[in-house]
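Encoded as structure tokens, the structure appears first; notes follow it.
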Amino acid sequence: MDQDSIALERESLQYNSQDLDQEQNMDVKPVQNNTVQVTINHEDRDLSAKITGVTYMGKSKLILGGIDLLLFFGYDGNTPVARTKSDENGNYSIENLPPGFYNIRVKNEYGDIRMYYVKLLPGEEACQCIFV
């Protein structure tokens, strides 16, 4: 190793150790309260997506009507972007959604929350059966 390389390495090590000694203040729980509105309809092409399905009681395939469904954007959303209720035949539909990842949450009669993850592509109609 030549003298220039050794000097450069010493300067670099000294610079890095000085950096580590500096105190950093960082907000580890930032809050963001922005509202974003996305328009996905176009005159020529409708890119909005849709989720449809049927609500069932457990794995029995017995159809349940009147089930409240909450739709959240992303995997761990805190605020629902849509709410709906299945009809008397167990059918539900949530329309005009931008493409992305969603999760549907429902409560069963014991208060347990079930989550179903759905990925929507532009213009897609996804079918998600819900077992309460």
Side-chain angles (χ1 to χ4, degrees):
M1 206 182 267
D2 64 355
Q3 292 298 328
D4 290 335
S5 296
I6 294 172
L8 183 60
E9 185 176 341
R10 277 193 200 135
E11 287 175 18
S12 177
L13 289 174
Q14 182 180 7
Y15 176 76
N16 287 336
S17 68
Q18 286 175 353
D19 250 3
L20 293 175
D21 291 339
Q22 293 178 358
E23 191 173 312
Q24 299 289 323
N25 293 325
M26 180 182 289
D27 184 6
V28 293
K29 295 183 180 178
V31 177
Q32 184 173 351
N33 294 322
N34 296 341
T35 302
V36 177
Q37 292 185 346
V38 178
T39 303
I40 52 176
N41 292 333
H42 190 273
E43 316 172 337
D44 299 333
R45 217 168 75 167
D46 183 12
L47 298 177
S48 63
K50 177 180 185 180
I51 301 173
T52 60
V54 180
T55 54
Y56 296 102
M57 183 167 130
K59 299 286 182 182
S60 68
K61 295 282 187 174
L62 181 67
I63 293 176
L64 282 178
I67 302 298
D68 291 316
L69 298 106
L70 299 176
L71 182 71
F72 295 84
F73 190 71
Y75 290 113
D76 297 319
N78 294 324
T79 305
V81 294
R83 298 171 190 258
T84 192
K85 186 177 273 215
S86 61
D87 65 15
E88 64 275 355
N89 297 321
N91 298 311
Y92 73 91
S93 177
I94 306 170
E95 300 180 7
N96 296 322
L97 297 169
F101 293 94
Y102 293 89
N103 78 64
I104 301 171
R105 297 181 196 168
V106 295
K107 282 187 183 179
N108 64 14
E109 69 264 14
Y110 307 110
D112 297 330
I113 297 175
R114 298 201 182 238
M115 293 195 302
Y116 297 87
Y117 298 100
V118 181
K119 176 183 176 184
L120 292 176
L121 299 174
E124 179 181 26
E125 180 177 331
C127 183
Q128 177 64 58
C129 292
I130 303 293
F131 298 95
V132 182

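Position 1 is the first residue of the sequence; numbering continues from there. As the structure is a computational prediction, the values presented were derived from the model and not from experiment. Side chains are part of it too, since the values below use all heavy atoms of this structure and drop only hydrogens, waters and symmetry mates.
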Distance-only donor-acceptor hits, side chain of residues 99-107, under 3.5 Å, sequence neighbours excluded:
| from | atom 1 | to | atom 2 | distance (Å) |
| --- | --- | --- | --- | --- |
| Tyr102 | OH | Pro98 | O | 2.6 |
| Asn103 | OD1 | Arg105 | NE | 3.0 |
| Asn103 | ND2 | Gly74 | O | 3.1 |
| Asn103 | ND2 | Tyr75 | O | 2.8 |
| Arg105 | NH2 | Gly77 | O | 2.9 |

Identify all side-chain donor-acceptor contacts of residues 78-88 below 3.5 Å with residues at least two apart in sequence or on another chain.
| from | atom 1 | to | atom 2 | distance (Å) |
| --- | --- | --- | --- | --- |
| Ser86 | OG | Thr55 | OG1 | 3.2 |
| Ser86 | OG | Gly66 | N | 3.2 |
| Ser86 | OG | Ile67 | N | 3.0 |
| Asp87 | OD1 | Asn89 | N | 2.9 |
| Asp87 | OD1 | Gly90 | N | 3.0 |
| Asp87 | OD1 | Asn91 | N | 2.9 |

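A distance of 6.0 Å separates CG of Leu120 from CG of Leu97, quoted to the nearest 0.5 Å. Taking CD1 of Ile51 as the start and CD of Glu95 as the end, the distance is 11.0 Å to the nearest 0.5 Å. The OG atom of Ser48 sits 12.0 Å away from atom CD of Glu124, with the distance rounded to the nearest 0.5 Å.
For the pair Cys127 and Gly53, the tightest heavy-atom approach, listed with the atom from each and the gap, is SG-CA, 4.2 Å.
Through direct or indirect side-chain contacts shorter than 4.5 Å among Ile, Leu, Val, Met, Phe, Trp and Tyr, Phe72 is connected to Leu70.
Legend: residues meeting ring-ring contact (aromatic ring centres under 6.0 Å, His included) with Tyr92, ordered by chain and number and at least two apart, are absent. For Met57, the side-chain contact (heavy atoms from CB on, under 4.5 Å) partners at least two apart in sequence or on another chain are Ser60, Leu62, Leu64. Partners of Arg114 according to the side-chain hydrogen bond (donor to acceptor under 3.5 Å, both in side chains) rule, which considers only residues two or more places apart in sequence or in another chain, do not exist here.
No continuous path of ILVMFWY side-chain contacts below 4.5 Å connects Ile113 to Phe131, so the two sit in separate hydrophobic clusters.
Counting heavy atoms from C-beta outward, Ile63 and Tyr56 have side chains that approach closer than 4.5 Å.
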